[in-house]
Amino acid sequence: MSDLEVLLPDGSRRVLPEGSTALDLASAIGKRLAKDALAAEVNGQLADLSATLPAGATVAIVTPTSDKGREVLRHSTAHVMAQAVTRLWPGAHYAIGPAIRDGFYYDFELPGGDHFSDDDLERIEAEMRAIIAEDQPFTRSEYSIEEGLELFFDQPFKVEIINAVAQGASEEDLAEVASASVVSTYSNTPAFRDLCRGPHVPSTARLGHFKLMRVAGAYWRGDERRPQLQRIYGTAWESEAALAAHLEQLVEAEKRDHRRLGQELDLFSFPTEIGPGLAVFHPKGGTMRRIMEDYSRNRHVHGGYQFVNTPHIAKEELFQTSGHLQWFADGMYPPMELDDGQNYYLKPMNCPFHVLIFKSRQRSYRELPLRFFEFGSVYRYEKSGVVQGLTRVRGMTQDDAHIFCTREQMSDELASLLKFVLDLLRDFGLNDFYLELSTRPEGKAVGSDREWQEAETTLSKVATDAGLELVLDEGGGAFYGPKISVQARDAIGRTHQMSTIQLDFQTPQRFDANYIGSDNARHQPIMIHRALFGSVERFMAVLIEHYAGNMPTWLSPEQVRVLGVRNDHDAYALEVASALHLDEVRVEVEEASEPLGSRIRKAKMEKIPYILVVGDDDVANGTLGINARGSNAPERGVTLEEFRGRLAKEIAEHGSPEAL
RNA sequence: GCCUGGGUAGCUCAGUCGGUAGAGCAACGCAUUCGUAAUGCGUAGGUCAGGAGUUCGAAUCUCCUCCCAGGCUCCA
């Protein structure tokens with residue numbers, strides 16, 4: 001018998017008897033590794049531990065604490081769930097069940113069109129634990145297409161996948177089988193077999209640190225014209241500790257949910273009387289908005305923008321010309337009929353209005369680039385199931401601008417714009433970005449191939465030159481042009497779409513907007529759409545979650561609260577407050593009718609940056625005690641002047657408009 | 001839009017088998033005057049999301065409508 005040699009990730013080589021499996025390799029390396037091993041990566045391809053190794057292969061053993069290991073665990077757990085469901089609902093059809101971030105899901109169709117309820121999750125979990133306790137092996141087999149169809153004759157979704165693969169399949173379908181001509185399956189018991197490429201853990205006993213999270217409807221193949229299946233989401237980890245840590249993280253994320261903080265901090269609400277996705281801002285939220293908007297306005301003044309204002313509704317014809325009614329009608333509120341059958345629409349975007357301002361008189365090349373800026377409120381009809389807090393609303397205000405420039409100016413304009421955006425976002429404390437380039441939406445776009453090509457190339461170059469990570473979003477552009485969006489990662493690593501920059505050759509053409517060039521001929525300007533906050537509402541939501549409600553001092557609705565120790569200190573407290581008020585600090589006094597501890601607690605819960613406590617010593621010496629947010633060691637005996645200086649400095653450094 | 005779960009005092013929530021509405025916090029009043037995360041007592045507060053039905057009787061059971069959350073696609 002001859003030997004085979006394999007290459008390990010550390011560059012070392014190992015000789016094994018021919019026919020050795022990945023598990024044999026793990027055992028040869030060490031007992032501990034053999035015990036931990038879940039699967040193997042052979043020449044870059046994930047494989048079962050039972051796979052025999054080809055000579056010369058590069059082999060890495062996959063263990064539970066790696067991303068790949070977790071993926072295998074999650075995928076195997078999904079199979080266990082499918083088996084549990086088929087045990088509890090004989091005749092259930094199972095569709096697909098992949099590993100996803102932090103967990104897995106599986107889609108089912110239950111006999112008689114039954115639906116899972118929340119209570120079913122417990123029963124399914126119990127059945128899964130029984131399967132795990134049975135220590136069932138995952139056994140791989142391979143079949144021809146015909147044999148596969150025969151094996152899964154009573155599983156219509158599996159049959160559809162096998163047929164799709166046989167006829168030249170998508171990547172997605174291939175994930176379910178071994179290749180276009182080989183159908184691979186994994187069986188745990190004679191009673192349960194699933195179509196799957198694998199790999200899987202050797203036995204169900206290797207699983208167990210999981211929790212079923214929720215049930216949901218999901219359309220077969222994500223297509224709302226197809227039947228809706230019953231999806232169960234679960235999370236699975238390598239250990240109880242990792243599972244607990246994940247669940248804990250979910251609790252933490254919920255604590256910084258902007259909807260919850262918006263309620264707790266009295267920032268905004270969604271009165272049902274007004275309608276879904278339509279927010280009202282309370283005084284504190286209104287103050288935050290004002291600060292954000294003022295800062296942005298100031299930035300735009302310095303950035304060479306001109307301020308414009310436009311109405312919220314316009315005649316049908318405007319949106320015919322712009323193309324919105326043709327391409328964006330689904331996102332618009334229905335028209336209101338006025339006068340003699342004239343239809344008016346609420347505006348979903350500001351661009352047509354800004355074009356009309358451009359067109360209001362003859363323009364010269366000497367004026368370009370022209371930059372029109374507006375906090376423009378727009379209304380979009382979002383489907384009832386998709387509105388979400390301040391991040392997906394039906395009425396919002398965009399910090400919107402449209403730049404009209406020549407083709408030659410386009411590149412430079414985009415490059416400086418990108419810098420402008422990133423600087424602004426950094427001033428708000430976001431500094432981890434990547435860019436996403438969204439290209440032509442298939443079958444839903446105006447303009448020629450050549451124009452799209454040019455626009456996409458230009459954006460892509462500007463994005464690359466900015467030196468940030470660039471991700472391609474195929475077909476994600478607007479109907480009139482491609483876009484770059486700036487994605488920001490927040491304090492707990494989630495990403496949010498913020499600013500968008502879109503190139504548009506179409507709109508100027510549709511409106512016949514032009515300027516007189518140096519050659520005394522008419523030319524069409526290029527139009528750049530851009531919103532830096534995206535929407536003021538969404539931006540505020542992202543900031544609230546990023547800071548967990550602890551807004552930097554310059555953005556805090558109330559920056560300082562002054563508390564007298566006893567009520568005979570209230571007069572001094574008011575004196576301190578009015579001094580700060582002269583510095584334009586947002587300051588309140590709470591008089592001493594409650595115990596000091598109680599008033600401090602209240603101010604802490606309101607996340608006010610500075611609580612000033614003043615008592616006998618302070619009245620005598622003109623000082624104050626500072627209890628800063630996030631600190632539990634108050635500072636005593638600071639002079640008022642000292643505090644004013646510190647506060648002014650902090651606010652200036654955090655990018656207040658005065659700092660420009 | 002579709003699937004699952006939910007909507008009870010301003011907020012967070014309890015409410016058993018269908019028998020006439022509860023708590024804590026907040027608010028208000030009185031007392032308390034206090035040096036860094038909850039002073040005490042009291043008062044008031046409800047179309048149980050809205051509508052219809054079943055019933056002697058509905059927060060509770062049925063149907064319809066509205067709204068919220070999660071998912072259907074990204075993202076976490």
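The structure presented is a predicted model; accordingly, all values stated were derived computationally and were not measured.
- Looking at residues two or more places apart in sequence or on another chain, you find a side chain to side chain donor-acceptor pair (under 3.5 Å) between A:Asp617 and A:Arg636.
- Using a cutoff of 4.0 Å between basic side-chain nitrogens and carboxylate oxygens, A:Glu590 and A:Lys602 are scored as salt-bridged.
- When both pairing distances are held under 3.5 Å, B:G45 makes no Watson-Crick or G-U pair with any nucleotide shown.
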Go along nucleotides 8-14 of chain B 5' to 3' and tag each nucleotide: B for a protein heavy atom under 4.0 Å from its base, S when only backbone or sugar atoms are that close, - otherwise. ---S---

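- The salt bridge (charged side-chain N to carboxylate O under 4.0 Å, His left out) analysis of residues 96-115 of chain A, with sequence neighbours excluded, yields the pairs A:Asp107-A:Arg231.
- For B:U4, the paired nucleotide is B:A69, the pair qualifying as Watson-Crick or G-U wobble because both relevant distances are below 3.5 Å.
- Per the geometry, CG belonging to A:Asp107 stands 15 Å off P belonging to B:U4, to the nearest Å.
- Distances shorter than 4.0 Å separate some side-chain N or O of A:His115 from OP1 or OP2 on B:U4.
- Dense packing is recorded around CD of A:Glu240, with more than 12 heavy atoms of other residues, nucleotides or ligands lying under 6.0 Å away.
- Across the protein-nucleic acid pair, A:Lys602 atom NZ and B:C34 atom P stand 20 Å apart, rounded to whole Å.
- In this entry B:C25 has B:G10 as its Watson-Crick or G-U wobble partner, both defining distances falling under 3.5 Å.
- If you check the side chains of A:Ser556 and A:Gln559, you find no donor sitting under 3.5 Å from an acceptor.
- Every ring pair (Phe, Tyr, Trp, His ring centres under 6.0 Å) that A:Phe533 has, sequence neighbours left out, goes to A:Phe428, A:Phe539.
- Residues passing the side chain to side chain donor-acceptor pair (under 3.5 Å) test with A:Glu588: none are found, sequence neighbours excluded.
- Listed in residue order, the members of residues 609-646 of chain A having a heavy atom less than 4.0 Å from RNA chain B are A:Val613, A:Gly615, A:Asp616, A:Asp617, A:Asp618, A:Gly625, A:Asn627, A:Pro634, A:Arg636.
- As a whole-Å value, the separation of A:Glu264 CD from B:C25 C1' is 12 Å.
- No donor-acceptor distance shorter than 3.5 angstrom exists from the side chain of A:Glu248 to the backbone of A:Leu243, with no hydrogens or angles considered.
- If you measure from atom CD1 of A:Ile232 to atom P of B:U4, you get 13 Å, rounded to the nearest angstrom.
- For the P atoms, the distance from B:C66 to B:A23 is 35 Å, rounded to whole Å.
- Taking a pair to require two hydrogen-bonding distances under 3.5 Å in either a Watson-Crick or a G-U wobble arrangement, B:C63 pairs with B:G51.
- Taking A:Arg129 as the reference, A:Glu125 meet the side chain to side chain donor-acceptor pair (under 3.5 Å) condition, with sequence neighbours excluded.
- Considering only residues two or more places apart in sequence or on other chains, A:Glu558 meets the side chain to side chain donor-acceptor pair (under 3.5 Å) condition with A:Arg561.
- Figure legend. B:A37 is base-paired to no nucleotide; pairs are counted as Watson-Crick or G-U wobble with both atom distances under 3.5 Å.
- With both ends at atom C1', the span from B:G42 to B:C68 equals 36 Å, rounded to whole Å.
- B:A26 atom P lies 12 Å from atom CD of A:Glu606, rounded to whole Å.
- In this entry B:A76 has no Watson-Crick or G-U wobble partner, no candidate having both defining distances under 3.5 Å.
- Comparing the same atom, P, in B:G18 and in B:C2 gives a spacing of 31 Å after rounding to whole Å.
- Checked options A:Tyr106, A:Trp220, A:Tyr94; the residue passing with A:Phe157 is A:Trp220 (criterion: ring pair (Phe, Tyr, Trp, His ring centres under 6.0 Å)).
- Look at CG on A:Asp114: it is 13 Å from C1' on B:U4, rounded to the nearest Å.
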Once each nucleotide of nucleotides 63-76 of chain B is scored for protein heavy atoms under 4.0 Å, what B/S/- sequence comes out, 5' to 3'? ----SSSBBBS-SS

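- Aromatic ring centroids of A:Phe104 and A:Phe210 lie 6.0 Å or more apart.
- As rounded to the nearest Å, B:A44 and B:G22 have P atoms that lie 14 Å from one another.
- Rounded to whole Å, the P atom of B:G10 lies 29 Å from the corresponding atom of B:G57.
- Salt-bridge formation is detected for the pair A:Arg566/A:Asp616: a Lys NZ or Arg NE/NH1/NH2 atom is positioned less than 4.0 Å from an Asp or Glu carboxylate oxygen.
- A heavy atom closer than 4.0 Å to some atom of RNA chain B occurs in no member of residues 531-552 of chain A.
- Across every strand in view, B:G19 sits in a pair with B:C56 that passes the Watson-Crick or G-U test at under 3.5 angstrom.
- A:Leu207 CG to A:Thr77 OG1: the interatomic distance, rounded to the nearest 0.5 Å, is 4.0 Å.
- Identified under the salt bridge (charged side-chain N to carboxylate O under 4.0 Å, His left out) test for residues 65-85 of chain A, with sequence neighbours left out: A:Glu41-A:Lys68, A:Asp67-A:Arg70, A:Arg70-A:Glu238.
- Residue whose closest nucleotide on RNA chain B sits further toward the 5' end, between A:Ser117 and A:Leu596: A:Ser117.
- Among the heavy atoms of the strands, none lies under 4.0 Å from A:Gln487.
- Nucleotide B:U4 holds its P atom 14 Å from the CD1 atom of A:Ile124, rounded to whole Å.
- With A:Arg380 contributing its side chain and A:Gly331 its backbone, the two residues share no donor-acceptor pair below 3.5 Å.
- Distance noted for atom C1' between B:U55 and B:U62: 12 Å (whole Å).
- Straight-line distance between the C1' atoms of B:C28 and B:C67: roughly 31 Å, to the nearest whole Å.
- In this structure, A:Arg440 does not pair ionically with A:Glu456, as no charged nitrogen and carboxylate oxygen lie closer than 4.0 Å.
- Separation of the C1' atoms belonging to B:G53 and B:C13 is 30 Å when rounded to the nearest angstrom.
- Below 30°, between 30° and 60°, or above 60°: for A:Phe268 and A:Phe281 the angle between ring planes is between 30° and 60°, a tilted geometry.
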What string of B, S and - do you get for nucleotides 38-46 of chain B, 5' to 3', if B is base contact, S is sugar-phosphate-only contact and - is no contact with any protein heavy atom under 4.0 Å? BB-------

